[in-house]
Structure formats: structure tokens, C-alpha cells
Novice: 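Sharing a structure with you now.
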Amino acid sequence: MSFVTVSDVLAGKVSVGTTVTVRGWVRTRRDSKAGISFINIHDGSCFDPVQAVVENSLPNYSSEVLHLTTGCSLAVTGTVVESAGKGQAFEIQATTVEVLGFVEDPDTYPMAPKRHSMEYLREHAHLRARTNVTGAVMRVRNCLAQAIHRFFHERGYFWVATPIITASDAEGAGELFRVSTLDLLNVPKTEQGEVDFKQDFFGKEAFLTVSGQLNAETYACALSKVYTFGPTFRAENSNTSRHLAEFWMVEPEVAFADLNDIAHLAEDMLKYCINAVLTERADDMAFFAQRIDPTVIERLQHVVSNDFVHMDYTDAVEILQNCGKKFEYPVSWGTDLQSEHERYLAEEHVGAPVVLKNYPRDIKAFYMRQNDDGKTVAAMDILAPGIGEIVGGSAREERLDKFDQRLAELGMDPEDYGWYRDLRRYGTVPHAGFGLGFERLVSYVTGMTNIRDVIPFPRAPKSADF
RNA sequence: UCCCCAGUAGCUCAGUUGGUUAGAGCGGUGGACUGUUAAUCCAUGUGUCGUUGGUUCGAAUCCAACCUGGGGAGCCA
């Protein structure tokens, strides 16, 4: 007798006639008065549950088996047999049903075997993990994460763990969460009456990182090809279906690369990941196609079998101005594109992910490499239909004089960028990289419309339960 | 943070031009039936009507503030 997963049984990896034990949770129980009960058991190893056939001759049949409800945990030992019923190839003819834990009050068990709203499931984040939809999302999420590591590993990239706590208050990417051990009720003050951060844990102000990019650049300028993959924190008061206060980001950084190199890298990576999901998680994807987004699979197949459309910002503005569509916000060169513009480009004009390149420098970050035209920088965004910006990247300004000039224009203090400038002072090289919002990728691949449903425990403004 | 919408049973919702005992489906429970599989059929409803305050003889219903959630916008990944 051996322990096996539901996945192995259903996939036929266990020979018929073998005695095995599966352990998991009850999805549904159906009784036949002919003297049998059918128990669907899931253990998370795959989408489908396995069916255990339980005869009323078992000693605990009427005392326990007939009281099993959705959510009960158990270990079922029995023989793997070809199913006599329709709907599954294999099932387990039970010889022992050991109840590990009953649901103490089935009437109030939050995960009834019925449709729940996503909002409701979110309020029960610890139990939604047992539902079809959340289980499927998390298996796909894992598949994507593994594919990302595999993709980079196969191409000679090194995974760099950039710090989560940063004392650099100049990353310039939005609001920061403060990290401090000071007593909020009794904050030490300087003689000038300001908070005395010298007495804080790090001896200076510290925050949670908003990006691993600047640190990743230092390792790209040494190991040549690196990437980060870890949590990122933004204290922005963003209340949307595509923002989180804590999310995961993938940030490759590549020495000797230019904008087109990383645009193609991003495209290759996205296709690699989508292919992995389509082949490895066909069961979960079939569920998403059935219940979440009917077009999800053909949409992904279209993405992997076509080249991304590359387009300069300048050309995009022209397209938007001449498309004849009425926008709420006017389009003009030099302003950032609105959501409605990005949606039009990705969803209507192209109908697939689109790579927008070479944005006006005034609407982009200080570290992006200036183009020869003096007006634009080598930046690119990849816009996905239904999601919007999924990737943002750029070539980094590696020329010290240009970099300092840009800092001066923006009134920024070079002192704050000491180690970052050193990379330009000592053996500088052209390099480029991008950031991919991991949860946005999971959303896009699964068809889930709210980003809070593709991370186990979402953190957002006014929301940090569990 | 801004705009719009919502908050009624374990869940999804109906209801209310202010007025006696607040409803349905699903779930659960009991029964019938069946190698069943979102099973089916019958029975079964004790609910601070989001919170606080106000108007009123009377508020789940009207008003205000707040809280929470959803959609959209901004910020971005």
C-alpha cells in the first residue's frame, strides 16, 4: 500500500489492481441506495477530483461516511480500478475510509459546493484555496513561475536576489512603505524637531523596495545576464483590478543589450511561459475556458503563434489621431497615453500584445537612455489586451555625462546616486532591462479579471487580512 | 485619491411610492430514488435588512456621515 496523488491515479500512472491510499478533501458525496456512496476527493495535485466508491459494508459507513460533507478531510485506501461509470477512466474501490477531520458545522462551511462570487471567495482567502477556481489559478501561477526560471536558466541568466529593504529613498517609483523599529508613540527627535532616524534600526530612513532594477543593474554589469524575481511593494492608494500593494515582479537586466534586444527577450519569455501553461496545465486551462473566459485558449494560441507588433510611440499617436474613434482624452505627442488609448491599440488596432517604443523623454524615468533625436528615450511598454501594461522596460543611460545632465534637468542630487553613478564611472557598458508584473501575467493567462484573485493573499489599500 | 453603483438568510438575489407575521433559488438537514458524478424529487427559513446619527406617530424603506465591496479614472507592473 502506498500514498499516491489524485493526479497520478487519474493520469493512469498507477496500475489497475494496485492498492493505494489517497488523501485529500471531499468535494461532493453522492449516495446510492443500492448500497454505495461516491466521494469526489481533491488534493490539489490536478484539477479533477478522484472518485472513491464506498460500499455500505464498511464498518464506519453509516456512522461516518454518510455524514461526510464538502470540505471534510480523509484518507481513502482501496484498489485502483477502471471506472464502471462515465466521467472518469479510473476510480478507487475503497476498502478503508479514514476521516481525518469533519466539517464541524456543514451549514456554515463557507465553501459550499456551488458557485460563489469572487468577492466572497476573497473574504475567505484561507478556504478559497480549496475551490476549483483558486486551485486552478495557483497551479497555473506556479507553472508560470517555474517557466520563468527555466526560461532564464536555459539562456544563461543568473537569478539575483535583490534586497527587499532599501535605504535608497531615490528609486523614484511611487510611494514607499517605511520600515522602522522606532516607537511610533514616542518618536525620537533631533534638536531641530525632526525625526531622528539615526536612532532607527538602520541608522537612516529605510523602506520596502519598489523595484529591484537599480540593484540588478549592478549585477548585470558583472554577470552580464541576470534577473530578479521577488516581491515588490508600492504604498500607492490604487484601488483597481490590476494593482496590488504587494506584488511579484520579474526584472531581467542585460549588459550589452539595447532596447530591441530586451523587447524580443520579453516577447520570447511571454511566449515560452504561455506555451508551458498550455501544455502543462491543460486541465486548468479547460476550466478557465469553460467558466471564466471562453476565448482564453485561442487568445493564448494566437499570441504564441504570431510576432508581436512593434510600434514607435510617435506612430501610435498618429494612428490614434487618425483612427476616427472618439476618445474621452485627446491624443497629442508628448503626453502619456490614457488607458482608453492603450486599449484601442492592443484590443482593436492590433488585437494582440503590442510593443510601444521610444517614448517622449519627459514622461519617462530619469535613468532611461536618451535617443539621438533629443526628444525621446529608449523605453518600451508591452500592452496586453484586457490587461494594459504588462511589461515596462528601457535601455539604461550608461553615459555618465548624459546621465548627470538629466539629473540636473530634473533637479536631482547626484550625491543620492553615488553607487549607481559608479557603474557609469568604472567600465560602463550599454545595458537594458524590463519589469514584468507577475500577477498581471497570471491574470492575462487565466482570464481572471481581478488581480486580487491570482495571488494567494492579496494586499491592497485597507486590505491585509490573513 | 476622484466619479458611479451596491451592502436584505450560510451563499446569490428579489422586495420596500414609509405602515401589521421580510421572500425565492442554491447550500445544509431529513426523507424518496438512482453506478452516481453541478444528480433528480419531496419536506424544511430563528435574518442586529452594513454602522452611527437624523426626519417621522412609525424607518429595512427617506436624509447625512462613515465603513466595506464592485466598476471606471489616475498612479503604475
Novice: Name the one of A:Val304, A:Leu300, A:Val303 that satisfies side-chain contact (heavy atoms from CB on, under 4.5 Å) with A:Asn275?
Specialist: A:Val304
Novice: Are A:His124 and A:Tyr120 an aromatic pair, judged by ring center distance below 6.0 Å?
Specialist: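 Ring-ring flag for A:Tyr120/A:His124: true, centres closer than 6.0 Å.
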Novice: How would you list all residue pairs meeting salt bridge (Lys or Arg N to Asp or Glu O under 4.0 Å) that involve residues 454-466 of chain A, not counting sequence neighbours?
Specialist: none
Novice: Separation of A:Glu439 atom CD from B:rC76 atom P, in whole Å?
Specialist: 19 Å
Novice: Answer yes or no: side-chain N or O of A:Glu55 and base N or O of B:rG35 forming a donor-acceptor pair under 3.5 Å.
Specialist: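 No, the side chain and the base share no sub-3.5 Å donor-acceptor pair.
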Novice: Treating A:His243 as the side-chain partner and A:Thr240 as the backbone partner, does any N or O pair qualify as donor plus acceptor under 3.5 Å?
Specialist: no
Novice: Return no unless some side-chain N or O of A:Arg30 is found under 4.0 Å from OP1 or OP2 of B:rA39.
Specialist: yes
Novice: Whole Å only: how far is the CG atom of A:Leu176 from the P atom of B:rA77?
Specialist: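 That distance rounds to 14 Å.
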Novice: Classify the nucleic acid contact of A:Tyr120 as base, sugar-phosphate or nothing, counting any heavy atom under 4.0 Å across all strands shown.
Specialist: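 Contact class for A:Tyr120: sugar-phosphate only.
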Novice: Got a second to check how far A:Leu121's CG is from A:Met111's CE, nearest 0.5 Å?
Specialist: 5.5 Å
Novice: Say you pick atom C1' in B:rG69 and the same atom in B:rC33; how far apart are they, in whole Å?
Specialist: 43 Å
Novice: Stacking here means centres under 5.5 Å and planes under 30°; does A:Tyr109 stack on B:rG28?
Specialist: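 According to the criterion (under 5.5 Å, under 30°), no, A:Tyr109 does not stack.
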Novice: With the sugar-phosphate defined as primed atoms, P, OP1 and OP2, and the base as all remaining atoms, what B/S/- string results for nucleotides 67-74 of chain B, 5' to 3', for protein heavy atoms under 4.0 Å?
Specialist: -SSSSBBB
Novice: Does A:Arg396 offer a backbone N or O that forms a donor-acceptor pair with the side chain of A:Ser394 under 3.5 Å?
Specialist: no
Novice: Using a heavy-atom cut-off of under 4.0 Å over every strand shown, decide if A:Leu244 touches base, sugar-phosphate, or nothing.
Specialist: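 Base, at least one base heavy atom under 4.0 Å.
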Novice: Under 6.0 Å between the ring centres of A:Phe438 and A:Phe229?
Specialist: yes
Novice: How would you label the contact of A:Val53 with the nucleic acid (heavy atoms, under 4.0 Å): base, sugar-phosphate, or nothing?
Specialist: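 The answer is base, as A:Val53 lies within the cut-off (heavy atoms under 4.0 Å) of a base atom.
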Novice: Is A:Glu91 touching bases, backbone alone, or none of the nucleic acid, heavy atoms closer than 4.0 Å?
Specialist: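 The residue A:Glu91 makes base contact.
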Novice: I want to verify a distance call: between B:rG10, B:rC76, B:rG35, whose nearest atom is closest to the A:Asp336 side chain?
Specialist: B:rC76
